[in-house]
2 protein chains.
Amino acid sequence: MEDDAPSAAARRSRIQKRNRQMILDAALEVFSQFGFRGATVDQIAETAGLSKPNLLYYFASKEAIHRALIDQLMQTWLAPLHALDPGGDPVEELLAYVRRKLDMARDFPRESRLFANEILQGAPRIMAVLQGDLKALVDDKAAVIAAWARAGRIADLPPHHLIFSIWALTQHYADFDVQVRAVLGPGHDPFSEAEAFLDRLFRKLLAPAEPASGR
Amino acid sequence: MEDDAPSAAARRSRIQKRNRQMILDAALEVFSQFGFRGATVDQIAETAGLSKPNLLYYFASKEAIHRALIDQLMQTWLAPLHALDPGGDPVEELLAYVRRKLDMARDFPRESRLFANEILQGAPRIMAVLQGDLKALVDDKAAVIAAWARAGRIADLPPHHLIFSIWALTQHYADFDVQVRAVLGPGHDPFSEAEAFLDRLFRKLLAPAEPASGR
DNA sequence: CCTGTTCGTGACCATCTGGTCAAACAACAA
DNA sequence: TTGTTGTTTGACCAGATGGTCACGAACAGG
């Protein structure tokens with residue numbers, strides 16, 4: 001690693017913080033569109049409004065920028081699922097999770113595409129996180145969902161695939177935004193339509209098989 | 001265009017056909033993983049087992065290879081939706097469409113990723129098709145679905161978003177394959193599990209509000 | 001004011017990249 | 001054999017790309 005014990009971020013000057021943030025923002029723009037290999041340092045520097053040597057004063061290499069971006073991303077990316085409360089109402093908890101994920105797709109589409117790009121390339125830089133933290137978190141929440149299903153409070157569906165379906169449906173509106181807009185044509189607000197649609201979809205899907213009559 | 005009236009493909013020699021196919025296959029491998037800008041001609045040539053100049057004897061440029069690949073892809077890509085039969089049983093027709101799309105995700109994951117990469121980059125090379133053929137086809141089939149819904153034969157859902165949900169859920173298993181496998185862990189067959197899950201999902205989702213009791 | 005540290009830049013470099021070209025090679029018919 | 005056509009290659013090129021470096025500008029703190 002590169003950071004020392006007392007946290008490298010803490011002792012950064014104002015100008016350091018500002019420029020590092022501008023660089024990360026520019027890099028997010030470029031990496032999310034062209035992937036790691038398709039992005040160029042010059043392009044990131046220009047987007048950030050800095051010269052290339054100046055940019056490389058703040059980050060040692062293209063790799064280093066990408067790593068910083070990915071590290072930052074993975075934290076925010078796991079947060080919505082983390083917030084799923086085993087104590088809450090099952091259907092409302094899951095619907096709230098869907099809404100949070102859709103909000104993220106709307107508000108942070110570049111982050112979503114950065115992640116998508118990374119996965120498409122075989123996830124070389126985040127495989128460890130996927131198999132580690134992410135898998136652990138999903139397994140944990142899947143157990144919660146399975147418990148809800150056993151208790152008959154939601155439909156009995158394979159929890160992992162239920163979570164996948166939430167990821168797929170919400171991220172689709174960020175990652176495939178241009179396709180969605182091209183197909184819908186003008187005069188549509190994809191995200192607000194998606195919100196209503198996904199709410200109905202999961203409400204219907206999660207409803208237990210027979211609420212009143214026994215088996 | 002580059003082709004003459006009597007179809008350029010027809011008068012190609014055996015060796016031409018073979019090498020062009022090898023190149024397109026190699027290019028699919030590389031483009032689908034790294035996107036257009038991230039892929040290099042050398043890499044494609046090496047994967048195809050040819051020298052770079054030899055490869056450029058068959059295709060005028062990197063662009064030309066990509067165009068050929070995309071053109072070929074868009075045909076096969078629209079086929080499954082095309083096959084949706086307005087005269088068939090609504091639920092079974094839609095479920096068959098889901099199955100066809102999932103089969104494509106399983107059998108042609110590289111094509112799916114090539115498409116995903118293109119969309120992520122803003123679809124610069126296929127925007128016209130999206131707004132033209134694709135939109136027309138989707139609008140057409142959406143009308144069919146809307147008619148089924150009005151007739152009470154399936155649930156009344158926004159047809160465009162229903163189609164999006166099919167795309168999102170099926171392509172997710174191709175495009176995010178490494179994530180799915182990382183989270184599921186070993187000992188799983190993502191696609192066969194997905195087939196069962198998506199069948200249940202859409203069966204439940206498409207069921208009309210009140211199957212027995214009249215309106 | 002001076003001085004040490006942080007910040008910024010033009011010039012530069014090795015390597016990679018897409019692409020060209022003349023020449024060599026193979027296939028095959030006359 | 002020879003000519004013709006289709007195929008393959010080594011050598012090459014201009015521009016892009018990731019990255020370095022010596023040096024100057026800006027800005028502390030004293």
Side-chain angles (χ1 to χ4, degrees), chain A residues 2-4 6-31 33-70 121 124-125, chain B residues 2-4 6-31 33-70 121 124-125:
Chain A
E2 159 190 54
D3 292 4
D4 305 353
S7 165
R11 33 169 218 285
R12 280 200 248 277
S13 70
R14 240 154 290 110
I15 192 164
Q16 279 257 2
K17 273 188 194 147
R18 191 178 57 92
N19 280 356
R20 281 182 68 97
Q21 202 44 55
M22 293 198 64
I23 291 168
L24 287 177
D25 193 69
L28 177 58
E29 189 74 30
V30 177
F31 279 136
Q33 207 177 127
F34 300 107
F36 180 75
R37 292 191 34 176
T40 77
V41 176
D42 293 82
Q43 207 182 347
I44 297 171
E46 197 189 358
T47 305
L50 297 175
S51 68
K52 182 169 59 164
N54 197 12
L55 180 149
L56 288 166
Y57 169 74
Y58 290 98
F59 288 90
S61 66
K62 182 181 169 182
E63 265 268 349
I65 307 175
H66 194 262
R67 248 204 319 276
L69 218 45
I70 288 281
Q121 282 166 36
R125 289 163 247 273
Chain B
E2 157 193 54
D3 291 4
D4 305 353
S7 167
R11 31 170 220 287
R12 279 199 248 279
S13 70
R14 243 151 288 112
I15 193 164
Q16 279 257 1
K17 271 189 195 149
R18 191 179 57 93
N19 280 355
R20 282 183 67 96
Q21 202 44 56
M22 292 198 63
I23 291 169
L24 287 177
D25 193 69
L28 177 58
E29 189 74 30
V30 177
F31 280 136
Q33 206 178 129
F34 300 108
F36 181 76
R37 291 192 34 174
T40 75
V41 176
D42 292 84
Q43 207 181 347
I44 297 171
E46 197 190 358
T47 306
L50 297 175
S51 68
K52 183 168 59 164
N54 198 10
L55 180 148
L56 288 165
Y57 168 74
Y58 291 98
F59 288 90
S61 67
K62 183 179 168 182
E63 265 267 350
I65 307 175
H66 194 262
R67 247 204 320 278
L69 220 45
I70 288 283
Q121 283 167 36
R125 289 162 246 273

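Chain letters run A, B, ... following the sequence lines, proteins first and then strands; every chain starts at 1.
As judged by a 4.0 angstrom heavy-atom cut-off over every strand, B:Ala64 is placed among residues making no nucleic acid contact. Here A:Ala45 lies out of heavy-atom contact (under 4.0 Å) with every strand. Within 4.0 Å of B:Leu50, counting heavy atoms only, lies no atom of the nucleic acid at all.
Atom CD of A:Glu63 and atom C1' of D:dT17 are 15 Å apart (whole Å). Regarding B:Phe34, its CZ atom lies at a distance of 13 Å from the P atom of C:dG18, rounded to whole Å. Distance B:Asn19 CG to D:dG6 P: 15 Å, rounded to the nearest Å. Atom pair B:Arg37:CZ and D:dT17:C1' shows a separation of 11 Å (rounding to whole Å applied). A straight line from CG of A:Leu56 to P of C:dC13 spans 18 Å, rounded to a whole angstrom. Atom CZ in B:Phe59 sits roughly 13 Å away from atom P in D:dT8 (whole-Å rounding). Rounded to whole angstrom, the span from the CG atom of A:Leu55 across to the P atom of D:dT17 amounts to 14 Å. Rounded to whole Å, the distance from CD on A:Glu46 to C1' on D:dA16 is 14 Å.
Distance from the side chain of B:Tyr58 is smallest to D:dT8 among D:dG18, C:dG19, D:dT8. The side chain of A:Val41 sits closest to D:dG18 out of C:dT17, C:dT20, D:dG18. Comparing atom distances between the A:Ser51 side chain and each of C:dT9, C:dT20, C:dG18 picks out C:dT9 as nearest.
Both B:Tyr57 and B:Pro53 lie near DNA chain D, and the one whose nearest nucleotide falls closer to the 5' end is B:Tyr57. Along DNA chain C, the nucleotide nearest B:Asp42 and the nucleotide nearest A:Ile15 are compared for position; the residue whose nucleotide lies closer to the 5' end is A:Ile15.
Regarding contacts with the backbone of D:dT7, every side-chain N or O of B:Asn54 stays at 4.0 angstrom or more from both OP1 and OP2. Within the structure, a side-chain polar atom (N or O) of B:Gln16 is placed less than 4.0 Å from OP1 or OP2 of D:dT7.
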Decide side-chain contact (heavy atoms from CB on, under 4.5 Å) for B:Lys17 and B:Gln21; before the verdict, give the C-alpha distance in whole Å, the side-chain angles of both, and the deciding distance to 0.1 Å. CA-CA 6 Å; B:Lys17 271 189 195 149; B:Gln21 202 44 56; over 6 Å; no
Evaluation steps, side-chain contact (heavy atoms from CB on, under 4.5 Å), between B:Phe31 and B:Ile65: CA-CA 10 Å; B:Phe31 280 136; B:Ile65 307 175; 4.2 Å; yes
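Minimum heavy-atom separation, B:Leu24 to B:Ala68: CD2-CB, 4.0 Å.
Atom CD of A:Gln43 has more than 12 heavy atoms from other residues, nucleotides or ligands within 6.0 Å.
Rounding to the nearest 0.5 Å gives a distance of 14.0 Å between CG of A:Asp25 and CZ of A:Arg20.
Residue side chain B:Lys52 reaches the base of C:dG19 through a donor-acceptor N/O pair under 3.5 Å, judged by distance alone.
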